[in-house]
Colleague: 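Got a structure for you, questions after.
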Number of protein chains: 2
Amino acid sequence: MSKSKQQAVEDATGLTEEYDNEVGSFIREQRERANLSLRRLAERAGVSNPYLSQIERGIRNPSAEILKRLSRALEISAETLYTRAGLIEDGPAAPTVVDAIESDRSLTPRQKQVVLDLYRALVEAGAATDEPNE
Amino acid sequence: MSKSKQQAVEDATGLTEEYDNEVGSFIREQRERANLSLRRLAERAGVSNPYLSQIERGIRNPSAEILKRLSRALEISAETLYTRAGLIEDGPAAPTVVDAIESDRSLTPRQKQVVLDLYRALVEAGAATDEPNE
DNA sequence: GCAAGCTGCTAACTATTGCAAGCGGCGATC
DNA sequence: GATCGCCGCTTGCAATAGTTAGCAGCTTGC
């Protein structure tokens with residue numbers, strides 16, 4: 001092959017370990033959003049709690065296996081976490097909230113309706129009064 | 001999950017689909033399909049060649065970072081490799097509701113919290129009492 | 001024959017992951 | 001106000017990821 005792929009090598013060796021620090025804070029964010037203590041999430045994911053603590057603070061760089069368990073325990077897709085960790089180039093196409101709720105398995109149709117109603121109500125209110133941007 | 005059938009050229013490698021959940025044999029197959037020697041792929045991916053050898057034979061379990069570099073060097077998507085490595089579930093285990101809400105653009109962070117709280121509360125309740133399906 | 005070039009693999013080593021044990025702090029119950 | 005339980009964090013230590021150096025085999029050319 002031609003040497004046109006030097007960029008890839010250079011990129012690969014140069015490396016991307018600079019912005020993987022945000023995985024930790026992202027995980028912590030998701031954990032707190034789920035109202036889980038560090039220990040509870042750790043147990044749920046099958047990871048030791050000190051290690052999770054270090055992951056969240058960016059001290060340790062978790063393997064994909066650990067990330068996978070954490071994504072499961074946090075009920076977010078592994079792709080999202082990998083993207084956040086810089087392990088996947090482009091993020092997964094964000095599904096719409098409505099689609100996601102519709103295809104969810106842990107909710108009854110009635111419950112879906114409730115969540116959807118709330119979601120739509122908030123969107124309506126937000127659109128009328130305030131911009132989503134923080 | 002049907003794999004691509006671009007096996008028009010058989011290469012007489014005789015490898016075929018022997019791989020199970022192993023990433024290694026899949027990587028080796030892709031490498032040979034690209035007519036790359038082990039050393040060349042290793043260099044291209046920025047990995048040492050003995051290590052790549054061990055990965056291909058399933059002796060070592062590569063981190064996601066290494067998989068990412070290999071996927072680039074092989075010019076296949078990282079998702080494919082991760083799925084092959086069993087690091088991404090293409091199965092139903094990952095509900096995307098949380099992701100969808102998280103990445104939604106029409107909600108403020110506060111509103112997201114509200115919807116997520118409701119969603120999780122319903123899931124919890126549903127799990128505790130009655131499942132919508134199996 | 002034999003050196004030069006490749007192929008993939010083994011061995012020994014270092015660096016990092018990931019864990020168990022244990023720390024001090026904070027709120028509740030007695 | 002001591003004890004219990006949970007919180008997150010620090011500290012060593014075992015396991016393993018990933019390295020460099022070097023092995024044997026197999027061609028090609030001199």
Side-chain angles (χ1 to χ4, degrees), chain A residues 1 3 9-18 20-21 23-74 78 81-82 85-87, chain B residues 11-15 18-19 21-74 78 81-82 84-87:
Chain A
M1 288 307 174
K3 49 188 78 171
V9 177
E10 183 180 344
D11 201 359
T13 50
L15 224 44
T16 60
E17 296 177 347
E18 299 188 355
D20 58 347
N21 209 0
V23 206
S25 41
F26 179 69
I27 290 176
R28 174 159 293 189
E29 194 177 315
Q30 293 300 313
R31 173 174 68 80
E32 290 174 344
R33 233 178 250 276
N35 288 321
L36 285 171
S37 76
L38 194 149
R39 279 186 143 94
R40 274 183 56 77
L41 174 60
E43 184 180 5
R44 206 164 144 172
V47 186
S48 74
N49 67 82
Y51 189 44
L52 177 56
S53 169
Q54 288 166 324
I55 289 171
E56 288 189 349
R57 283 175 299 148
I59 297 177
R60 291 282 213 268
N61 183 18
S63 72
E65 174 62 36
I66 300 294
L67 284 180
K68 174 185 157 195
R69 295 194 219 162
L70 287 173
S71 74
R72 267 206 219 155
L74 285 171
L81 214 47
Y82 293 159
L87 296 173
Chain B
D11 284 352
T13 55
L15 263 185
E18 187 65 25
Y19 47 80
N21 278 333
E22 285 296 335
V23 220
S25 33
F26 179 68
I27 291 176
R28 173 157 294 188
E29 190 173 322
Q30 294 299 315
R31 174 173 67 81
E32 290 177 342
R33 211 163 262 174
N35 285 324
L36 284 172
S37 76
L38 195 149
R39 279 187 144 91
R40 275 184 60 75
L41 173 60
E43 182 180 6
R44 207 164 141 170
V47 187
S48 72
N49 65 83
Y51 189 46
L52 177 56
S53 169
Q54 289 166 322
I55 289 172
E56 289 189 348
R57 285 174 297 148
I59 296 176
R60 291 282 212 263
N61 182 20
S63 71
E65 176 60 37
I66 300 294
L67 285 180
K68 175 186 162 194
R69 297 194 216 165
L70 287 173
S71 74
R72 271 205 216 159
L74 285 171
L81 214 48
Y82 293 158
R84 208 75 198 186
L87 297 174

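The analysis underlying the following values was restricted to heavy atoms, covering all of them including side chains, and did not include hydrogens, waters or symmetry mates. It should be emphasised that the depicted structure is a prediction, and the values quoted were computed from it without experimental measurement.
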Colleague: How long is the span from the OG atom in A:S63 to the CD atom in B:E65, to the nearest 0.5 Å?
Modeller: 12.5 Å
Colleague: According to side chain to side chain donor-acceptor pair (under 3.5 Å), who are the partners of B:R60, at least two apart in sequence or on a separate chain?
Modeller: none
Colleague: Taking A:L87's backbone N and O only, do any of them form a donor-acceptor pair with B:Y82's side chain (distance below 3.5 Å, no angle check)?
Modeller: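 It does hold such a pair.
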Colleague: Just to be sure I follow the notation: if a pair is Watson-Crick (purine N1 to pyrimidine N3 plus N6-O4 or O6-N4) or a G-U wobble (N1-O2 and O6-N3), each under 3.5 Å, what dot-bracket string does DNA chain D give, with | for pairs to another strand?
Modeller: ||||||||||||||||||||||||||||||
Colleague: Within the sub-3.5 Å range, which N or O atoms of nucleotides 10-12 of chain D have a protein N or O partner, and how far apart are they?
Modeller:
residue: D:dT10; atom: OP2; partner: A:R57; partner atom: NH1; Å: 2.3
residue: D:dT10; atom: OP2; partner: A:R57; partner atom: NH2; Å: 3.1

Colleague: Pick the closest DNA chain D nucleotide for B:V47 and for A:R28 by heavy atoms, then say which residue is nearer the 5' end.
Modeller: A:R28
Colleague: Could you state the interatomic distance from CZ (A:R28) to CG (A:L41), rounded to the nearest 0.5 Å?
Modeller: 11.0 Å
Colleague: According to salt bridge (Lys or Arg N to Asp or Glu O under 4.0 Å), who are the partners of A:E29, at least two apart in sequence or on a separate chain?
Modeller: A:R33
Colleague: Going 5' to 3' along DNA chain C, which nucleotides are the first and last within contact of chain B (any atom under 4.0 Å from a heavy atom)?
Modeller: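 Nucleotide range with atoms under 4.0 Å of chain B: C:dT7 to C:dT10.
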Colleague: Backbone N or O of A:A42 within a donor-acceptor pair of the A:Y51 side chain at under 3.5 Å?
Modeller: no
Colleague: Evaluate side-chain contact (heavy atoms from CB on, under 4.5 Å) for A:N61 paired with A:I55, printing each intermediate quantity in order.
Modeller: CA-CA 6 Å; A:N61 183 18; A:I55 289 171; over 6 Å; no
Colleague: OP1, OP2 of D:dA17 versus side-chain N and O of A:S63: anything below 4.0 Å?
Modeller: no
Colleague: Apply side-chain contact (heavy atoms from CB on, under 4.5 Å) to B:R39 and list each qualifying residue two or more places apart in sequence or on a separate chain.
Modeller: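 With neighbours one apart ignored, the set is B:S37, B:N49.
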Colleague: Kindly indicate whether the side chain of B:R31, heavy atoms from C-beta on, has any atom under 4.5 Å from the side chain of B:E56.
Modeller: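 Touching, per the 4.5 Å side-chain cut-off.
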Colleague: How many whole angstroms separate atom CG of A:N61 from atom C1' of D:dT16?
Modeller: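 Rounded to whole Å, this separation is 15 Å.
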Colleague: Does a side-chain N or O from B:R69 land closer than 4.0 Å to OP1 or OP2 of D:dG18, or not?
Modeller: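 It does not, given that no N or O in the side chain of B:R69 lies less than 4.0 Å from OP1 or OP2 of D:dG18.
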Colleague: Just how far, in rounded Å, is P of D:dC7 from CG of A:L52?
Modeller: 12 Å
Colleague: Mind checking what makes side chain to side chain donor-acceptor pair (under 3.5 Å) contact with B:R57, not counting sequence neighbours?
Modeller: B:S53
Colleague: Listed by chain and number, what are the side-chain contact (heavy atoms from CB on, under 4.5 Å) partners of A:E43, not counting sequence neighbours?
Modeller: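 Here no residue qualifies.
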Colleague: Give the minimum heavy-atom separation between A:V23 and A:A85, together with the two atoms involved.
Modeller: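 A:V23 and A:A85 have their closest heavy atoms at CG2-CA, 3.4 Å.
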Colleague: Round to the nearest Å and state the distance from B:I66 atom CD1 to D:dT19 atom C1'.
Modeller: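 Checked: the CD1 to C1' distance equals 11 Å.
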Colleague: For DNA chain C, which residues in residues 29-40 of chain A have a heavy atom at a distance below 4.0 Å?
Modeller: A:R39
Colleague: Residues in side-chain contact (heavy atoms from CB on, under 4.5 Å) with A:A45, at least two apart?
Modeller: A:V47, A:R69, A:L70, A:A73
